[in-house]
Amino acid sequence: MPRYDYLMKPLTVAGLTLKNRLLSAPTSMAELGPDEHYTNENFDYYRLRAAGGAALVTVGDVIVDNATGRSHPQQLGMDDPSVISSLKKMAEAIHAGGAAASVELDHGGALCDPAFLDGRHPIGPSALSEEEWGVAVDEMTEAQIYEVAEAFGRAAAMLKTCGFDMVMIHCGHGWLLHQFISTLTNRRSDQWGGSFENRMRFPLLVVEKVRQAVGRNFPIEIRISGSERVEGGYGIETGIEIAKMLDGKVDLIHVSAGTNTDWYSFVLMHPGVFQKEGENANLAEEIRKHVKTPVVSVGAFTDPDFMEAFLEKGGADAIALGRSLIADPFLPKKIMRHQTEDIRPCLRCGECQGGMMAHHCMRCTVNPLIGREKEVFHPVPVHHTGKIMIVGGGPAGMQAALTAVERGHQAVLYEARERLGGALKFADGVDFKASMKRYREFLIAQVEKSDVIVHTGVRVDEAIIREEAPDALILALGAKPLILPVPGIHNSNVLIGADLTEESVLGNQVVVIGGGLVGCEQALHIARDGHQVVILEMQEDLATDCVVTHRENLMHQLNCCDRIQILTGARCTEITDTGVKVDRGGKEETITADTVVLAAGMKADSEQVNQLRTIIPQTYVIGDCNQAGKIMRAVRDAYDAVVDFGLF
Ligand SMILES: Cc1cc2nc3c(=O)[nH]c(=O)nc-3n(C[C@H](O)[C@H](O)[C@H](O)COP(=O)(O)O)c2cc1C
Ligand code: SF4
């Protein structure tokens with residue numbers, strides 16, 4: 001059994017002992033209350049991160065100066081005294097979960113939206129024109145520089161009064177302090193710009209003001225970008241110099257990466273499926289060689305063995321986890337109890353953050369309790385139990401079966417294929433689907449060790465349902481590929497994208513019909529496998545059905561792959577033995593292809609659903625067989641159906 005001695009070892013900073021080396025990275029709130037204070041949902045979200053065993057829970061960014069510093073609407077304004085009770089309750093909630101509590105202090109600077117500034121221009125180290133930046137930015141006066149630094153100090157003092165154990169200063173990700181350090185945004189020629197020492201003057205002033213406010217025995221953590229990871233931006237050499245300047249003045253140096261001023265850099269800050277485990281770990285590792293202050297690493301840590309090995313080799317003193325604790329807040333406790341096979345893995349799909357950005361609503365693909373964390377502390381009651389039969393062994397079916405047995409029901413799970421997994425089976429052999437494969441194996445392992453009765457290789461019909469005679473039936477049958485009504489669609493050179501496996505044989509020239517998420521991912525995989533690929537898409541844009549960060553990531557990978565050609569505004573009119581005929585704006589073109597892969601979308605399998613849905617009065621149709629969509633929807637449907645069954 002692997003031991004996790006390094007991860008579980010306490011760490012003492014400025015007199016505060018953290019019980020282990022796993023910290024909850026700041027993740028901001030999806031929404032605040034109407035009075036811009038924290039809500040009970042916010043308290044539950046952070047309490048859960050603490051209850052899962054993280055040693056320190058840091059609340060996502062709050063703003064030190066409402067008038068000039070707001071970058072998005074979900075930020076508490078620290079210069080509003082009415083937030084004190086909200087902050088006190090937040091510290092209590094985190095302490096109730098057994099963790100030390102901290103808050104990240106921030107100022108958005110030039111990245112603030114005038115909509116949150118009563119129409120005033122954002123302020124930053126240097127004036128920026130609307131043409132260059134999107135909005136006009138005013139250069140901060142010396143008086144403003146001192147005012148904002150004082151505001152950081154006052155905010156830190158307030159946190160201490162409210163019962164927090166630590167404070168984090170945000171000096172990375174492209175926000176105001178970072179803007180002063182970066183030559184991309186700081187063009188001043190006075191004592192606050194020019195040389196590196198001058199560009200560090202403002203962040204150091206902020207640290208000084210915060211230290212004066214909280215005293216020597218109150219830990220200060222500073223979050224920096226160890227590299228901007230953008231063309232023209234600073235790299236690790238500057239990251240090391242930043243850390244050296246801060247060394248000894250703060251108690252933890254937290255090394256993240258990237259800047260919000262560039263989309264792909266933002267992606268690397270929140271590494272997705274195309275980035276490696278511990279994507280930015282090398283930055284902390286390099287910095288740690290040059291400073292005495294303990295160093296924290298963050299970014300795409302999902303594998304406990306990798307984390308343990310990273311600490312063991314001296315890569316960092318602690319690891320901060322953002323999304324891994326959304327996917328499974330109990331990850332630290334599961335490591336502590338050597339139950340790592342029970343950790344629900346984060347897919348790095350970006351849906352949590354994408355949802356926040358699109359509609360102020362954070363949900364998680366794999367964890368149906370995100371967004372209703374209170375159900376962990378106050379579970380929805382089960383008023384009656386019974387036998388639930390689930391048809392379909394994909395993610396929705398497996399989640400339904402697991403939720404059913406957890407809630408005291410009897411669960412019988414049927415799958416037509418020989419193995420559970422459903423749509424997740426296509427993760428095999430695709431390097432950027434490794435996390436999806438882990439998720440599938442996690443679900444299968446959980447089902448196998450649970451009391452769920454599983455029948456694989458059985459196609460369910462009415463007779464089987466009548467024989468099982470369940471109290472409730474859950475249909476989780478998945479979706480079917482959309483078959484385009486074009487001549488030649490049934491030719492032998494046409495493969496259905498959803499059916500591709502490692503064994504599928506493709507010719508050298510491949511045309512993928514459909515530039516949605518699935519088509520683009522398949523095109524990328526096929527091209528990386530050595531084939532020449534043309535993506536045909538009727539719309540003008542690709543992958544519009546995809547969450548924004550994953551889309552940026554995917555487009556970057558497609559653009560970097562010289563074996564891929566993209567044709568948008570192209571409608572397939574016929575498939576021949578040698579290629580595909582397309583209509584582009586009324587002009588017919590022929591594209592040569594040895595193999596055509598159809599990825600034109602999926603549709604609910606209504607035929608089988610209609611055959612089975614009227615046999616048992618209490619029948620739930622969930623996931624893709626209700627409406628083809630994302631795994632998140634299917635997993636939440638599954639949880640909801642089982643909870644609903646037990647209610648009455
Ligand atoms: C939903 C969400 C909200 C976040 N909010 C913040 C924030 O308020 N402040 C911050 O510095 N970073 C924020 N981050 C970035 C995380 O702290 C972390 O650096 C990043 O997600 C990479 O770590 P991970 O791979 O463990 O998720 C957020 C990330 C996510 C996914
Ligand atoms: S939504 Fe995706 S990226 Fe976010 S925590 Fe869940 S699995 Fe991870």
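Whatever order the structure lists them in is the order used to number ligands and atoms, beginning at 1. As the structure is a computational prediction, the values presented were derived from the model and not from experiment.
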- Item | Contacting atoms of ligand 1, where contact means under 4.0 angstrom from a heavy atom of Met356 | 1 (C)
- Message: Evaluate Gln353 for polar contact with ligand 1, using N/O atom pairs at a separation under 3.5 Å.
- Response: no
- Less than 3.5 Å between some nitrogen or oxygen of Ala300 and one of ligand 1, yes or no? yes
- Query: Of all the heavy atoms in Arg348, does at least one lie under 4.0 Å from an atom in ligand 1?
  - Reply: no
- Query: Cys352 to ligand 1: N or O pair under 3.5 Å?
  - Reply: no
- Would you call Glu36 and Arg70 a salt bridge, taking side-chain N to carboxylate O under 4.0 Å as the test? yes
- Protein N, O or S atoms lying under 2.8 Å from atom 2 (Fe) of ligand 2, listed by chain and number: Cys349 SG
- Query: Thinking salt bridges, do Arg154 and Asp65 make one under a 4.0 Å N-O criterion?
  - Reply: no
- Message: Any nitrogen or oxygen of Ser324 lying under 3.5 Å from a nitrogen or oxygen in ligand 1? Just yes or no.
- Response: no
- NZ/NE/NH1/NH2 to OD/OE distance under 4.0 Å, Lys313 and Glu285: yes
- Message: List ligand 1 atoms under 4.0 Å from Met269, heavy atoms only on the residue side.
- Response: 20 (C), 22 (C)
- Task: Output yes when Asp61 and Arg223 qualify as a salt bridge under the 4.0 Å nitrogen-oxygen rule, no when they do not.
- Result: no
- Task: Please list, chain by chain and in numerical order, all residues satisfying salt bridge (Lys or Arg N to Asp or Glu O under 4.0 Å) with Glu286, sequence neighbours excluded.
- Result: Lys289
- Is the shortest N/O to N/O distance between Gly322 and ligand 1 below 3.5 Å? yes
- Message: With nothing but distance in play, are any N or O atoms of His170 less than 3.5 Å from an N or O of ligand 1?
- Response: yes
